[in-house]
Every structure is written in structure tokens, then in C-alpha cells.
Visitor: 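Please see the structure below; I have some questions.
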Amino acid sequence: MIAALTFVSLGLFAQKSPSKLKKADFKPTVELKTAADSASYAYGMVLAATAKKQMAADFKADIFQAAIKAVLNGDSTRFTVEQSNSVFNEYSKTSQQRAAAAYKMENQKFLEENKKRKEVTTTASGLQYEVLKKGTGTASPKATDKVEVHYHGTFIDGRVFDSSVDRGKTASFPLNGVIKGWTEGLQYMHEGDKFKFFIPYNLAYGEQGRPNIKGFSTLLFEVELFKINP
């Protein structure tokens, strides 16, 4: 219900001009004497925090306040409830598309710059890798093999999204059961090698991503191959 009311509040712009609002209309501090007072204040915080998060830099506090004031006072509003949801949903869709396009471009630029480094090899698929350490092994895994590895996964800004190293326990899995970048990349390795992979989104989780990984994300993995189990 809170989310639904947030959409309504954002969409209901009062006919009264926001510039006519006075500071006295919204007291900077209020006394909370009853449970209802506290609940009302807390609910206002939830609405405002949600609105700021959803709209980020586009958020207009004065217009937001004007809409809430109009609804609470029973004044006329610019939109009906149905219209307000439609307006906000369209804004949200467009904003998400702009953000996704910008994020995709940011990741593409990273890969374009990264492949210029002499330490980096770029394959026909677009996978990039860097040899961090050469082991003594001579065997390389096939796509049908099971491998035991340590890995540390980050985004291009250095944020960690998954790490067996941090958990302190190696991971084992069939090589053909993971993302394409891993299936391809580990076949270039030998037991004991440590590589760093730079995996473009089309060899990772695509345009849709995963709950903790945005679509169009380039994934960076430091991978150490310990054992191959045919």
C-alpha cells in the first residue's frame, strides 16, 4: 500500500503554484505526542525516502509537497489517481531505459580501453583475459569437465558481487553449467594458473541481469584453477 500511495502522491500535482508555498506551511520540527503522531511522521518519511530513491536527481521536493498538501486538504489536483499512476509509470520506464543505455555505454567504454593494455588478450567472442600467474600443470579443462576453483568477482567499479575467496572455500561445478565467459575462459587455463577475466554482458547475464547484477554488466573475475575432474 505504501508503494501505491507513493505513486499517487507523486502524480497529484496541486493547482496551487509550488512557488506560493511558504515555509510556515511545513514546519521543520513537530511534536510527536501520540502513537498516531509518530505513525504519521514515520509514514511521511517512508513516502519521501521512496520518492527520492525512485526519482533521484529529478525529484522536486516543492512539487511533491504541493501534491500531498492538495490531497490532504481535498483541493483540486492536476491528475486523477488513475492518470497519476500512468504518468509516473511512463516516467519510470523512460528513466530506466536512459539509465540502462548509459550503464551499457559505460561498460563498453571500459572494455574498449581495457583491451588496449598489452597484458590483455581478447578472443573472437569478445572475452578478455589477463594471465596473473602460471601454474605447473599441463592439463586444461574441457567444457564437459568439472573444475575446482577460487574466484573473486567484481563490477568495473570494484564492487564485489561474489567471491569464494571471501568465503574461504573453493567452488566446484561443471564447466558447461556456468556463464559463457567462464566456459570459454577456463579452457585457456591449466591447473595452477590464475587468470583475470573481463566478461562482457553478452557472455555473462545479458540485458536482464540477475537480482544482484544489473543488465549490461561487465563482470571481472580473478580465477585460480586448482583441479580438473573429467
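Basis for what follows: all heavy atoms, side chains included, without hydrogens, waters or symmetry-related copies.
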Visitor: At what distance, to the nearest 0.5 angstrom, does CD of E90 lie from NZ of K93?
Guide: 6.0 Å
Visitor: Is it true that a side-chain atom of K60 and a backbone atom of D58 form a donor plus acceptor pair closer than 3.5 Å?
Guide: yes
Visitor: How many angstroms lie between atom CG of N114 and atom CD1 of I156, to the nearest 0.5 angstrom?
Guide: 10.0 Å
Visitor: Among side-chain atoms of T170 and H150, is any donor-acceptor pair under 3.5 angstrom?
Guide: no
Visitor: Is V178 reachable from V147 through a run of hydrophobic residues whose side-chain heavy atoms are each under 4.5 Å from the next?
Guide: yes
Visitor: NE2 of H190 to CD1 of I228: how many Å apart, nearest 0.5 Å?
Guide: 8.5 Å
Visitor: Rounded to the nearest 0.5 Å, what separates atom OG in S84 from atom CZ in R78?
Guide: 14.0 Å
Visitor: Report whether F59 and I68 are members of the same hydrophobic cluster (ILVMFWY, side-chain heavy atoms less than 4.5 Å apart, transitive linking).
Guide: yes
Visitor: State the NZ-OG1 distance between K196 and T154, to the nearest 0.5 angstrom.
Guide: 6.0 Å
Visitor: Got S125 and E184 here, is their nearest side-chain heavy-atom distance under 4.5 Å?
Guide: yes
Visitor: Would a hydrophobic clustering, with Ile, Leu, Val, Met, Phe, Trp and Tyr connected at side-chain separations under 4.5 Å, put I199 with V131?
Guide: yes
Visitor: Under 4.0 Å between a Lys/Arg side-chain N and an Asp/Glu carboxylate O for R167 and D162?
Guide: yes
Visitor: Less than 4.5 Å apart, any side-chain heavy atom of H152 and any of S163?
Guide: yes
Visitor: What is the minimum heavy-atom distance between S76 and A70, and which atoms define it?
Guide: O-CB, 4.2 Å
Visitor: With distance as the sole test, does S164 use its side chain to make a donor-acceptor pair with the main-chain N or O of Y151 at under 3.5 Å?
Guide: yes
Visitor: Side chain of T122, backbone of Q128: donor and acceptor closer than 3.5 Å?
Guide: no
Visitor: Decide yes or no for F88 and Q54: does some side-chain heavy atom of the first lie under 4.5 Å from some side-chain heavy atom of the second?
Guide: yes
Visitor: Salt bridge or not between E113 and K116? Use side-chain N to carboxylate O under 4.0 Å.
Guide: yes
Visitor: Test side chain to side chain contact (heavy atoms under 4.5 Å, CB included) on D145 and L175 and set out the steps.
Guide: CA-CA 6 Å; D145 291 339; L175 196 51; 5.5 Å; no
Visitor: Under 3.5 Å, is there a donor on one side chain and an acceptor on the other for S40 and D37?
Guide: no
Visitor: Any sub-3.5 Å donor-acceptor pair from N89's side-chain atoms to N85's backbone N or O?
Guide: yes
Visitor: Taking side chain as C-beta onward, heavy atoms only, is F198 less than 4.5 Å from K115?
Guide: no
Visitor: With side chain to side chain contact (heavy atoms under 4.5 Å, CB included) as the test, would you mind laying out the steps for F64 and K52 before giving the verdict?
Guide: CA-CA 10 Å; F64 178 80; K52 286 181 68 176; over 6 Å; no
Visitor: If you round to the nearest 0.5 Å, how far is OG of S140 from CG of D193?
Guide: 7.5 Å
Visitor: For residues F197 and L203, determine if any side-chain heavy atom of one lies less than 4.5 Å from a side-chain heavy atom of the other.
Guide: no
Visitor: Verify the cluster assignment for I179 and F110: are they in a single hydrophobic cluster under the rule of side-chain heavy atoms below 4.5 Å apart?
Guide: no
Visitor: Looking at K146 and S172, what are the two nearest heavy atoms and their distance?
Guide: CE-CB, 3.9 Å
Visitor: According to ring-ring contact (aromatic ring centres under 6.0 Å, His included), does anything in residues 115-145 pair up with another residue at least two apart or in another chain? List the pairs.
Guide: Y129-Y188, Y129-F195
Visitor: Is the count of non-hydrogen atoms from other residues, nucleotides or ligands lying under 6.0 Å from K134 atom NZ greater than 12?
Guide: yes
Visitor: Are there over 12 heavy-atom neighbours, none belonging to E119, within less than 6.0 Å of that residue's CD?
Guide: yes
Visitor: Under 4.5 Å between any side-chain heavy atoms of V149 and W182, yes or no?
Guide: yes
Visitor: Below 3.5 Å, can you tabulate the donor-acceptor pairs from side chains in residues 205-219 to any protein atom, sequence neighbours excluded?
Guide:
unit_1, atom_1, unit_2, atom_2, d
S217, OG, Y103, OH, 2.8
S217, OG, K214, O, 2.7
T218, OG1, N107, OD1, 3.2

Visitor: Using the rule that Ile, Leu, Val, Met, Phe, Trp and Tyr join whenever any side-chain heavy atoms are under 4.5 Å apart, tell me whether V120 and L127 fall into a single cluster.
Guide: no
Visitor: Can you list everything that forms a salt bridge (charged side-chain N to carboxylate O under 4.0 Å, His left out) with D157? Sequence neighbours excluded, please.
Guide: R159
